[in-house]
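Owing to the predicted nature of the structure, the values given are computational and were not obtained by experimental measurement.
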Amino acid sequence: MIDLRFLESRQELGVINKIHIDNILKTYVGIFPMEYLNSFNYAENYVKWEQFHNRGDREIILAKLNDEVIGFAAVKFYETFGCGLLDRL
C-alpha cells in the first residue's frame with residue numbers, strides 16, 4: 001500500500017530533490033539539448049526546494065511504499081479559493 005504524508009525532514013527534502021533531478025535527466029534526454037540538462041545541479045536545486053518548502057503557503061506530500069519515498073507532489077495553497085493546487089519549482 002502506498003502511504004501519503006507531508007514532508008517531515010530535511011533528509012526527505014534531499015530525497016525528493018534527487019528524484020526530481022534524476023527524473024528530469026532520464027525523461028528529457030533526446031528532447032532537450034544536453035547542455036541544458038547538464039546545467040541541473042543537485043545542490044542548487046536543493047536550495048530551491050528548501051525555499052519552496054519554507055514558504056507558509058506550500059507543502060510537499062510524499063508517496064511512500066515500504067518506507068521508501070517513490071514520489072511526491074508540491075502543493076501551493078490558495079486561501080482565496082480555499083484549495084491547494086499542484087505546483088512546481
Side-chain angles (χ1 to χ4, degrees):
M1 177 196 273
I2 295 176
D3 295 314
L4 301 176
R5 67 167 175 76
F6 290 115
L7 180 103
E8 294 176 349
S9 72
R10 294 176 67 86
Q11 179 183 8
E12 290 173 339
L13 199 58
V15 172
I16 67 152
N17 180 52
K18 182 172 178 359
I19 290 171
H20 183 217
I21 296 288
D22 288 354
N23 278 293
I24 288 171
L25 298 178
K26 287 178 186 172
T27 302
Y28 295 111
V29 169
I31 298 171
F32 290 115
M34 285 308 295
E35 180 179 304
Y36 171 71
L37 294 176
N38 290 334
S39 72
F40 282 90
N41 178 288
Y42 288 92
E44 290 174 7
N45 201 61
Y46 180 88
V47 171
K48 291 177 185 178
W49 277 113
E50 266 188 325
Q51 292 168 344
F52 178 92
H53 187 253
N54 289 336
R55 294 185 63 172
D57 62 346
R58 314 274 165 104
E59 282 289 352
I60 299 169
I61 300 169
L62 302 179
K64 294 184 84 174
L65 180 63
N66 300 326
D67 291 324
E68 179 183 353
V69 177
I70 59 169
F72 64 92
V75 180
K76 179 178 179 184
F77 294 98
Y78 292 88
E79 201 170 304
T80 306
F81 304 115
C83 67
L85 300 174
L86 290 179
D87 200 2
R88 62 179 176 82
L89 290 177

Checklist line | Transitive ILVMFWY side-chain link Trp49 to Val69, under 4.5 Å | finding: yes
Next item on the list: Quick one: list whatever passes salt bridge (charged side-chain N to carboxylate O under 4.0 Å, His left out) with Glu79, sequence neighbours left out.
Entry: none
Margin query: Using the side chain to side chain donor-acceptor pair (under 3.5 Å) criterion, which residues pair with Arg5? Sequence neighbours excluded.
Written below: Glu12
Item checked: Those residues that, when tested against Glu44, pass side chain to side chain donor-acceptor pair (under 3.5 Å) (two or more places apart) -> none
Note to self: According to a hydrophobic-cluster definition based on side-chain heavy atoms being under 4.5 Å apart (Ile, Leu, Val, Met, Phe, Trp, Tyr only), do Ile60 and Val75 belong together?
What the structure shows: no
Notebook entry, point to check: Leu4: what forms a side-chain contact (heavy atoms from CB on, under 4.5 Å) with it, not counting sequence neighbours?
Noted result: Ile2, Ile61, Ala63
Check: Pairs in or reaching into residues 59-73: which pass side-chain hydrogen bond (donor to acceptor under 3.5 Å, both in side chains), with residues at least two apart or in two chains?
Finding: none
Check: Ile31 and Thr27: which non-hydrogen atoms are nearest, and at how many Å?
Finding: CD1-O, 3.7 Å
Checklist line | Single-linkage hydrophobic cluster Leu86~Phe52, side-chain heavy atoms < 4.5 angstrom | finding: no
Note to self: Can you list everything that forms a side chain to side chain donor-acceptor pair (under 3.5 Å) with Lys18? Sequence neighbours excluded, please.
What the structure shows: Asp22
Check: With sequence neighbours left out, what residues match Tyr42 under ring-ring contact (aromatic ring centres under 6.0 Å, His included)?
Finding: none
Next item on the list: Could I get the full list of ring-ring contact (aromatic ring centres under 6.0 Å, His included) partners for Tyr36, not counting sequence neighbours?
Entry: Phe32, Phe40
Check: What residues, two or more places apart in sequence or in another chain, satisfy ring-ring contact (aromatic ring centres under 6.0 Å, His included) together with Tyr46?
Finding: none
Note to self: Give me the atom names and distance for the closest heavy-atom approach of Ile19 to Ile70.
What the structure shows: CD1-C, 4.4 Å
Notebook entry, point to check: Can Ile21 be reached from Ile16 by stepping across I, L, V, M, F, W or Y side chains whose heavy atoms are under 4.5 Å apart?
Noted result: no
Next item on the list: State the CE-CG distance between Met1 and Leu65, to the nearest 0.5 angstrom.
Entry: 11.0 Å
Checklist line | Distance-minimising heavy-atom pair for Leu13 and His53 | finding: CD1-CB, 4.5 Å
Next item on the list: Hey, could you give me the NE2/CG distance between His20 and Asn45, rounded to the nearest 0.5 Å?
Entry: 5.5 Å
Next item on the list: Please examine the side chains of Lys76 and Leu85, heavy atoms only from C-beta on, and report whether any two atoms are closer than 4.5 Å.
Entry: no
Notebook entry, point to check: Is the number of heavy atoms from other residues, nucleotides or ligands within 6.0 Å of CD (Glu8) greater than 12?
Noted result: yes
